[in-house]
Amino acid sequence: MRKLAILLIFTMLCSWNLLSEEEPEPAVAKLKRIKLSEFSDPLPVWETDRVRLPFRFAGNLILVQVKTDSLVGDFILDTGAPHLVLNKTYFRNYPMYGEIMAAGITGSAGTGSQTRVGKLDFGGLHFDNVDADVVSLGHLESQRGTKILGLIGLNLLKKLELTIDFDEGTLEFVRINRQGDAVDRLMQKPDSLAMELRMTGDFRLIYLNGSVGGKMLQFCLDTGAETNVLHSELNNKVMQQVKLLRTANVSGSGAKKSEALIGRLNLLTMSCGDYSALTTSVMNISALREVYEESIDGILGMDFLYRHGKMLINMNKGKVFLWKRAE
Amino acid sequence: MEKGRVIKLALVLMVLSLPFVSVAQTSPQCTVENGKMVIRVPENFTENVLDSLLSDFNLEQKEFRLSLESGNWSYFEKLGWKIKKRNRKGIVLSKEIESSDNNESNFWTWDFKPKTKFELQPGIPFMTEAYGVNRFEKKPGVITLNDSTALFILRGKQDAQQVYLSGSFNNWSVLEEKMTRTDSGWVAVRSMKKGKHLYKFIVDGKWKEDSSNKLRESDGYLGNNSVYYQPNHRFYLKGNLQKETFYVTGSFCNWKEGEIAMTKTSDGWFKHIYIQEGSYQYKFHSGNFWIYDELNPVKADDLAGGFNSVLVLGDGQRFFLEGFENAKQVFLTGSFNDWNEGELQMKRVEGGWALDYVIGPGDHQYKFIVDGSWITDPKNSMLITDDLGNTNSVFIHKPNHTFQLSGFPEAQQVILSGTFNNWAEKGYVMKRVGDTWELAVYLLPGKHQYKFIVDGVWITDPVNPLWEENEHSTGNSIYWQTPE
């Protein structure tokens, strides 16, 4: 019997008034929690060894135009999602092969389904027969004012090397060899400005270590999260590093309301350098920590990544490179 | 420096810093400790700091003051706060930060309600002014070929493999609109609707602004989109070639002087412009020399002993109020003129009052003012109640989408309700046309959710495969209006 591993992904999607230094304004945000199945990693089919694709932003999220079997539209590049997620609004007619079993730590009832997309085409690079979860992303696209077909999750990026150039607005996919190195080594070699980070954990998601208030913490690097998140139950020495600014005015789509505090993280130290004044949400992510097979203390979202001009992800090598933003 | 002086200096610095230490001690604070949200209010707190803290952290100010005075904190205890009084040290409130888990479903969302609403969506053209003129360097990146066609040019980039044109006009497609290589660069000819458009070039997968275009607006991140207006009007002034510059100005640009420069030709001056549909007055000027458009026979008194020329773009709409023969004055007012009370005076005609007026496309709200009394249009059953509780008549001008519902021959009434009319439960009554219920509305570009109310029963659109879950677990139908 197939073992269904169930993951809970929290993704915090906030947009901030970046111009306001004094008080960041969470304009629109979402927290999504998806119970996802475990799928195999899809194999890329290449037309050339290197494929460059421009992307757009919706708020602070990365929108990539992708052709599916019958649709062309935008997907969010979401390294915080383990695999492909489709928006139910547009994929309702696909044959569903089984409801996701009720699960989660609370024993809640499942509402998502699984299906398979015949072709996922990035233009010069495509994937065949990709398994996906199907959930409603309606709230997300309503708030962004843009059509969102789904989320490009991390397992689509495992058999290749990806560079995200935030300044240029481009994604560059590069074929890798059996050793996990880019086949086009000469062009792909990170230059002297690149800072290397080693991934920790099981590589199911991108886990990175960082230190706050003298405590070593494990973060999930998540391009689908607009802001950073710190777990509210971390050591007081960690919390002393956060200057709280306000409560986010939160209303859940469910009846239950949760607390979310917005603040500014004074100092985060990573192997690649120090980061100060990071906009950070403080919330209780106990549920997330329990179901992750890795213990995570927080999420590093786009608010962290925007400090860099470029990022390279090589899941096969367990490496992330970050470039300082060009002055 | 001598040791004694150093000590003195240190003492002075300590004394000077005392007020700051004292402020810090008396400032209320919010922290997270042991997983709890903690509010500390010292006994001698600073009033305005407390007020802003309570506001920032969503604590009811009035109740907080009352509790502070009375010492009775039951209001906050009911909200889950634990209260700890510390003699002479003030009060400490703490509350568990609950887990962000939710038992109701395995996928859910939170909305962090915005304090301010986004009016502009990056990438979707939105006009904040009634007009637009192109501003290019000497070698423009876009040339208007005629009323409905433009030539896009990216100069240079000869070594590029592929160049695409992407913009609001092709829904920012990155894969569809290839440009053609020429001797001097890359070109694309495309049909354009009149109005505002946003665009960029994509050179070998990289976005590129049109460097020849001085009009740009933020793309929502670090870059800019280039802006192009496909014109719908040409101002022309004959002669006057002795002047060095000439400008056109009018009510479409709030009579700003020296803003819209005209181009000199061998026999006069001209300007291509896009102006939104409506009624305007205008003049030409060169410094203090003002002149109306002699080639335009439609003029209006400029209230200074001269004339303004009149420009009407779009189709006139007749507003008519039946009856009220004994009224002395009737005015039309509405969302189209910012509810100005005294601007649009109606004329007495047979059987009532009338005014011919040009307005742009959209769902317009309006009322008549009969001898000072505001009334809705008695002949128009389409009404909408705004957020302030005011009920206004609705006039849909140049609708761009027709909602249809087939069947339901026995139904007495079908109402169209959606995000575009604030989920109105009355007013947007659909009309029976053959065996279909229909209503044409004007929709802004973007996503719209809607439902039909058939004799009081809410239903989704049975023939629309696009729908999504709603908070009532009944679903809303989805329609995407593409930018025009």
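Proteins come first, then strands; the chains are lettered A, B, ... in the order of their sequence lines, and each starts at number 1.
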I need the residue from [options] with the largest number of non-hydrogen atom pairs under 4.5 Å to chain B.
options                               : value
A/Val72, A/Val242, A/Asn236           : A/Asn236
A/Thr89, A/Thr170, A/Asp165, A/Leu53  : A/Thr89
A/Lys67, A/Gln240, A/Lys243, A/Lys147 : A/Lys147

Side chain / backbone / both / neither for [X] at chain A, heavy atoms under 4.5 Å:
X        : result
B/Leu466 : both
B/Lys447 : side chain
B/Ser173 : both
B/Ile478 : side chain
B/Trp207 : both
B/Asn476 : neither

Looking at [options], which one has more heavy-atom pairs under 4.5 Å with chain A than the rest?
options                               : result
B/Gln449, B/Lys36, B/Lys206           : B/Lys206
B/Asp204, B/Asn171, B/Thr419, B/Leu53 : B/Asp204
B/Glu33, B/Glu469, B/Glu176           : B/Glu469
B/Gly205, B/Cys30, B/Gly446, B/Pro465 : B/Gly205
B/Thr31, B/Leu59, B/Asn34             : B/Asn34

- Short N-O contact, A/Glu172 and A/Arg50, less than 4.0 angstrom: yes
- Message: Go through it in stages, so that I can follow the logic: the residues are A/Arg52 and A/Glu168, the test is salt bridge (charged side-chain N to carboxylate O under 4.0 Å, His left out), and I'd like the CA-CA distance, side-chain angles, deciding distance and then a yes or no.
- Response: CA-CA 11 Å; A/Arg52 191 191 282 159; A/Glu168 296 275 5; over 6 Å; no
- Query: Within a strict 4.5 Å, meaning less than it, do heavy atoms of the A/Val66 and A/Asp121 side chains meet?
  - Reply: no
- Task: Step through it carefully: locate the ring centre of B/Phe420, locate the ring centre of B/Tyr442, and say whether they are under 6.0 Å apart.
- Result: no
- Message: Between B/Tyr199 and B/Glu177, is there a side-chain donor-acceptor contact under 3.5 Å, judged purely by atom types and distance?
- Response: no
- Please check if any side-chain donor atom of B/Thr460 sits under 3.5 Å from a side-chain acceptor atom of B/Asn464, or the reverse. no
- Message: Angle between ring planes, B/Tyr450 versus B/Phe403, binned at 30° and 60°: parallel, tilted or perpendicular?
- Response: tilted
- Message: For A/Phe75 and A/Phe91, take the angle between the two ring planes, folded into 0 to 90°, and tell me which bin it lands in: parallel under 30, tilted 30 to 60, perpendicular over 60.
- Response: tilted
- Task: Mark yes or no for whether A/Ser232, through its side chain, and B/Ile97, through its backbone, hold a donor-acceptor pair below 3.5 Å.
- Result: no
